[in-house]
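Only heavy atoms go into these numbers, but all of them, side chains included; no hydrogens, no water, no symmetry mates.
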Amino acid sequence: KEVIDVSSGDPHRAGMKPVSFVRQVLAVCLYPELLTDQSFPLDVRLRAQRLLEACDGGSVGSYTASSGLLHVRQSIAEFITKRDAGVPSCAKNVFISSGSQKIIVRLLASGEGEIQTGVLTPMPCPHTLPTLLDEGEVALVPYRLVEERGWAVDLDELHRAVTTARGRCQPRAIYISNPGNPTGHVQTRESIEEVIRFAAAEGLLLFVDEVYQDSMIGLDREFISYKKVLFEMGKEYAETVELVSSHSLSCACIAECGQRAGYMEIVSMDPEVMHFVDTMLCTDISTPVTGQLALDLMLNPPKPGDPSYDTYTQRALELLSDLPGISCQPAMGGIYLYPRLHLPSEFTQLAKMLEVEADVLYCQKLLEEEGVFVGVFVLCLLSHRLCVLVPPDTMEEVLTRLCSFHLRLMDGHCDPD
């Protein structure tokens with residue numbers, strides 16, 4: 001069987017078609033002679049013309065400032081201001097980067113002293129984050145999300161994590177993913193306020209990954225940015241809590257992951273530290289210009305459109321929840337489902353004998369027998385990550401194969417642990 005990879009959020013690889021408007025504008029920018037080609041819609045050619053005028057020399061082949069094209073940064077600031085109902089954003093506080101997580105890790109790792117810097121990190125978390133922290137010699141301070149409450153952030157767990165971490169490291173930041181990656185949880189305003197007060201009391205930098213803010217699935221929950229809540233809490237918090245929020249092309253609305261571009265907005269940070277961030281960006285290769293232009297197109301689409309994946313997200317959730325030995329919290333946002341496995345004791349014993357984790361063995365066998373590649377998160381056992389932002393027919397094939405494999409595995413075994 002052909003292997004179907006639903007382990008990570010790479011929708012184009014899984015068969016999703018790119019947004020025509022984005023690709024058409026980029027094509028014209030790359031080959032400006034198309035500006036006079038009547039086969040391209042007028043709005044495509046007009047947008048391409050404006051973007052080319054923002055590039056030095058009128059070409060995407062020119063360098064940009066380390067923090068990104070000013071035109072695009074202004075577009076980002078306008079998007080943020082509109083999203084947050086008038087809470088002001090300024091282009092000078094916006095930095096375009098090919099990897100915001102990496103920049104923040106480098107910033108945190110740059111502190112002086114013998115005690116290692118620590119970052120409070122949710123469990124489960126984005127699968128690349130532990131490796132980035134390790135490479136930066138930054139300590140991962142885990143805090144568990146509460147599965148029974150839909151993978152919610154728990155204030156008592158945050159206090160436990162920061163208290164137990166002191167002595168072996170110096171916690172300096174807390175990482176939040178909202179909507180959650182890979183859990184799909186979307187925080188309420190009350191939960192966000194709790195986290196902000198906690199960060200203020202503990203003197204922690206707030207780093208909030210909001211890349212799936214356009215991917216709202218649950219009808220009973222709306223996305224609210226941390227910045228909006230922070231400013232609505234008044235000057236006591238808005239002027240003292242340091243906040244870094246990020247968004248990127250990996251979002252569900254266009255999913256241009258390969259363009260490698262995103263942005264960070266930095267709030268209430270010391271100007272000298274802001275300058276240091278800009279300096280760090282100067283030491284890296286600049287974000288590809290086409291990726292920067294795609295950011296502008298993502299934040300200023302020709303017209304709003306509803307995401308097409310929500311219908312089969314519900315289909316996948318219902319099917320997984322009906323399988324014996326699997327439970328799955330409903331996703332409120334994002335592009336993943338994060339089912340929990342309750343495997344038979346015979347299977348877990350086999351895994352021990354083979355000296356592998358039971359969920360790793362499950363994923364290996366699923367790949368070998370059915371050609372379905374799902375993500376496994378080794379720091380949060382007996383769960384796997386399933387990307388649902390794929391074409392509907394692909395999702396149906398994945399679910400058919402997964403059900404067949406799982407029922408075969410469970411057949412003849414005793415009740416799951």
In a check of side chain to side chain contact (heavy atoms under 4.5 Å, CB included) between L206 and each of L230, V267, V244, V241, which one passes? V241

Stepwise side-chain contact (heavy atoms from CB on, under 4.5 Å) check, R83 with S89: CA-CA 10 Å; R83 180 200 66 187; S89 176; over 6 Å; no

Check: T183 side chain, W151 main-chain N or O, donor-acceptor pair, under 3.5 Å: no

Using only atom types and a distance under 3.5 Å, with no angle test, would you say the side chain of Q170 pairs donor to acceptor with the backbone of I115? no

Do S75 side-chain atoms and H71 backbone N/O form a donor-acceptor pair below 3.5 Å? yes

Under the 3.5 angstrom rule, does the side chain of Q24 hit a backbone N or O of V44 as a donor-acceptor pair? no

Rounded to the nearest 0.5 Å, how far does CZ of R189 lie from CD1 of I192? 7.5 Å

Can you confirm if the aromatic rings of F405 and Y362 lie within a centre distance of less than 6.0 Å? yes

Kindly determine whether Y237 and E193 satisfy side-chain hydrogen bond (donor to acceptor under 3.5 Å, both in side chains), including the steps that lead there. CA-CA 10 Å; Y237 295 99; E193 289 177 351; over 6 Å; no

Indicate the atoms forming the closest heavy-atom contact of C29 with L52, along with that distance. O-CD2, 3.6 Å

Can you tell me if H185 uses its side chain to pair, donor with acceptor, with the backbone of S177 under 3.5 Å? no

Count the heavy atoms of every other residue, nucleotide or ligand shown that sit under 6.0 Å from CD of E53, and state whether that count exceeds 12. yes

To the nearest 0.5 Å, atom CG of D134 lies from atom CG of L129 at 11.0 Å

Stepwise salt bridge (Lys or Arg N to Asp or Glu O under 4.0 Å) check, K227 with E210: CA-CA 11 Å; K227 182 187 176 184; E210 297 176 329; over 6 Å; no

Could you tell me which non-hydrogen atom of C55 sits nearest to which non-hydrogen atom of V289, and how far apart they are? SG-CG1, 4.1 Å

Kindly compute the distance separating OG (S225) from CG (L243), expressed to the nearest 0.5 Å. 8.5 Å

Distance from E242 atom CD to M269 atom CE, nearest 0.5 Å? 4.5 Å

Is a side-chain N or O of Q116 found less than 3.5 angstrom from the main chain of E137, in a donor-acceptor match? yes

Counting only N and O atoms by type, is there a donor-acceptor contact under 3.5 Å from the side chain of S191 to the main-chain atoms of T188? no

Return yes if some donor-acceptor pair links the side-chain N/O of T287 with the main-chain N/O of S98 below 3.5 Å, else return no. yes

Going from NZ on K92 to CD1 on I266, what distance comes out if it is rounded to the nearest 0.5 angstrom? 11.0 Å

So which atom in C169 and which in G118 form the shortest heavy-atom distance, rounded to 0.1 Å? SG-CA, 3.9 Å

Option passing side chain to side chain donor-acceptor pair (under 3.5 Å) with E370 (candidates R401, R408, K365): R408

Check: N178 side chain, Q187 main-chain N or O, donor-acceptor pair, under 3.5 Å: yes

Any chance you could lay out the salt bridge (Lys or Arg N to Asp or Glu O under 4.0 Å) test for D296 and R50, step after step, and finish with the verdict? CA-CA 11 Å; D296 185 275; R50 288 199 297 271; over 6 Å; no

May I ask you to decide if V119's main-chain N or O and T121's side chain share a donor-acceptor pair within less than 3.5 Å? yes

Applying side chain to side chain contact (heavy atoms under 4.5 Å, CB included) between L293 and each of V22, V25, V60, report the one that passes. V60

Check whether the side chains of Y175 and D209 place a donor and an acceptor atom closer than 3.5 Å, and report yes or no. yes

Which is it for R197 and E194 under the salt bridge (Lys or Arg N to Asp or Glu O under 4.0 Å) test, yes or no, and what are the steps along the way? CA-CA 5 Å; R197 292 190 184 95; E194 285 184 346; over 6 Å; no

Determine the minimum heavy-atom distance between L204 and P171, stating which atoms define it. CD2-O, 3.4 Å

Distance (rounded to the nearest 0.5 Å) between T164 OG1 and Y143 OH: 13.5 Å

Over all heavy atoms of both residues, which pair between I96 and L295 is shortest? Give the atoms and the distance, please. CG2-CD1, 3.9 Å

Derivation of the side-chain contact (heavy atoms from CB on, under 4.5 Å) call for T290 and Q259: CA-CA 7 Å; T290 52; Q259 299 289 350; 3.4 Å; yes

Other residues, nucleotides and ligands only: do more than 12 of their heavy atoms fall within 6.0 Å of CD on Q364? yes

